[in-house]
Amino acid sequence: MEAAGVEILAISPDPNERSQDLADRLRAGYKFLADRDLAVARRLGLIHVAGGAEKQDVPRPATVLIDKDGIVRWMALADNIQSRPDARDVLRAVRAL
Amino acid sequence: MMQAMPRALAVAALVLALGTIVAFGVLLQRPVPVPVPPAVYLGALGLAVVLAALAVARSRRWLPVSALAISVLLLGLAGYFHFVLARVPATPTALVIGRPAPDFTLPDAAGRPVSLADYKGNKPVVLVFYRGYW
């Protein structure tokens with residue numbers, strides 16, 4: 001994905017240190033951004049209300065492709081907390097830009 | 001032989017059903033969690049129910065009967081998790097295909113602010129929103 005010249009921004013309410021730790025262990029070429037109070041997820045309408053283990057709000061798992069001009073070109077919003085888009089589908093959408 | 005067959009079926013059902021639950025938990029506890037797909041765990045538990053039912057059809061002793069009870073219970077719990085608890089209700093989103101994504105700024109792992117607008121005119125971006133580990 002990075003080879004295709006795409007920046008991947010992984011966004012969660014996790015604290016920075018844990019996300020950085022995870023990124024280092026995975027040697028992942030993407031940036032982790034901390035949305036501590038879910039303000040961004042909330043503004044974008046990507047909240048699973050009371051979806052957490054303690055009935056707290058959590059992000060709705062979502063993958064969104066934005067082109068160079070800032071336009072949304074493809075997205076996958078989870079309808080189940082276990083579902084994630086196939087990486088090949090994301091790559092196909094990137095190649096179709 | 002007549003006795004061994006239902007017992008073997010019952011044991012296979014129990015191993016399959018309990019093994020599925022254990023594998024589900026163990027794989028999620030790994031440093032990089034590996035979620036077992038719903039089709040796999042529901043399929044495995046369904047198969048355990050079939051094996052236990054075959055065992056019960058051949059013998060009504062306690063082992064086949066309890067294997068069936070445990071398999072059905074675990075399949076029911078897993079089904080409840082997948083079809084009820086794990087569902088994410090559809091809610092309106094501000095993201096629309098073909099429309100500009102709203103800009104935002106968030107701190108990266110080093111605390112430096114990163115804005116979506118930083119990439120405009122530069123390169124495409126994939127946003128991955130995930131639940132995190134809290």
Side-chain angles (χ1 to χ4, degrees), chain A residues 1 4-14 16-20 22-23 25-26 30-35 39-41 43-49 51-54 56 58-75 77-82 84 90 94 97, chain B residues 24 28 30-42 78 81-134:
Chain A
M1 200 78 84
V6 183
E7 184 75 33
I8 303 172
L9 303 178
I11 303 167
S12 83
D14 275 351
N16 285 333
E17 314 82 62
R18 285 199 68 178
S19 302
Q20 176 62 68
L22 182 68
R25 271 184 304 181
L26 291 175
Y30 43 93
K31 267 195 185 99
F32 283 85
L33 304 182
D35 188 15
V40 170
R43 195 146 55 80
L44 297 187
L46 297 176
I47 291 287
H48 179 186
V49 176
E54 277 107 47
Q56 78 277 36
V58 292
R60 178 182 186 183
T63 306
V64 186
L65 173 63
I66 297 164
D67 71 11
K68 264 201 308 205
D69 301 318
I71 309 292
V72 179
R73 297 292 294 273
W74 180 90
M75 61 181 170
L77 309 182
D79 55 11
N80 191 294
I81 61 168
Q82 303 162 94
R84 301 290 180 273
V90 185
V94 169
L97 285 182
Chain B
F24 186 92
L28 271 189
R30 306 234 313 205
V32 179
V34 183
V36 177
V40 172
Y41 65 74
L42 292 176
F81 170 73
H82 175 62
F83 292 106
V84 180
L85 293 182
R87 266 193 59 239
V88 179
T91 44
T93 166
L95 297 162
V96 183
I97 307 264
R99 301 275 291 276
D103 191 31
F104 60 82
T105 304
L106 285 173
D108 72 5
R112 287 177 302 241
V114 173
S115 295
L116 185 58
D118 298 346
Y119 300 96
K120 207 166 174 179
N122 181 16
K123 54 167 141 174
V125 176
V126 171
L127 304 180
V128 180
F129 286 86
Y130 66 106
R131 293 162 57 93
Y133 299 90
W134 323 307

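Chain letters run A, B, ... following the sequence lines, proteins first and then strands; every chain starts at 1.
With a 4.5 angstrom heavy-atom cutoff, Arg99(B) touches chain A only via backbone atoms. In this structure, the portion of Arg73(A) lying under 4.5 Å from any heavy atom of chain B is its backbone and not its side chain. Using a 4.5 Å cut-off between heavy atoms, Pro92(B) touches chain A through its backbone atoms (N, CA, C, O) alone.
Asn80(A) places a side-chain N or O within 3.5 Å of a backbone atom of His82(B) that can act as its donor or acceptor partner.
Every residue two or more places apart in sequence or in another chain that forms a side-chain contact (heavy atoms from CB on, under 4.5 Å) with Ala101(B) is listed here: Ile66(A), Val72(A), Leu95(B), Leu116(B). When the ring pair (Phe, Tyr, Trp, His ring centres under 6.0 Å) test is applied to Tyr41(B), the partners found at least two apart in sequence or on another chain are Phe24(B).
When Pro61(A), Ala78(A), Ala62(A) are compared by the number of non-hydrogen pairs under 4.5 Å with chain B, Ala62(A) comes out ahead. Across Leu77(A), Asp69(A), Leu97(A), the residue that shares the most heavy-atom pairs under 4.5 angstrom with chain B is Asp69(A). Contacts with chain A were tallied for Pro38(B), Ala117(B), Pro37(B); Pro38(B) has the most, counting heavy-atom pairs under 4.5 Å.
Here Asp35(A) contributes atom CG and Tyr130(B) contributes atom OH; the two are 10.5 Å apart, rounded to the nearest 0.5 Å.
Proximity of Val90(A) to Trp74(A): side-chain heavy atoms (C-beta onward) are separated by under 4.5 Å at one or more points.
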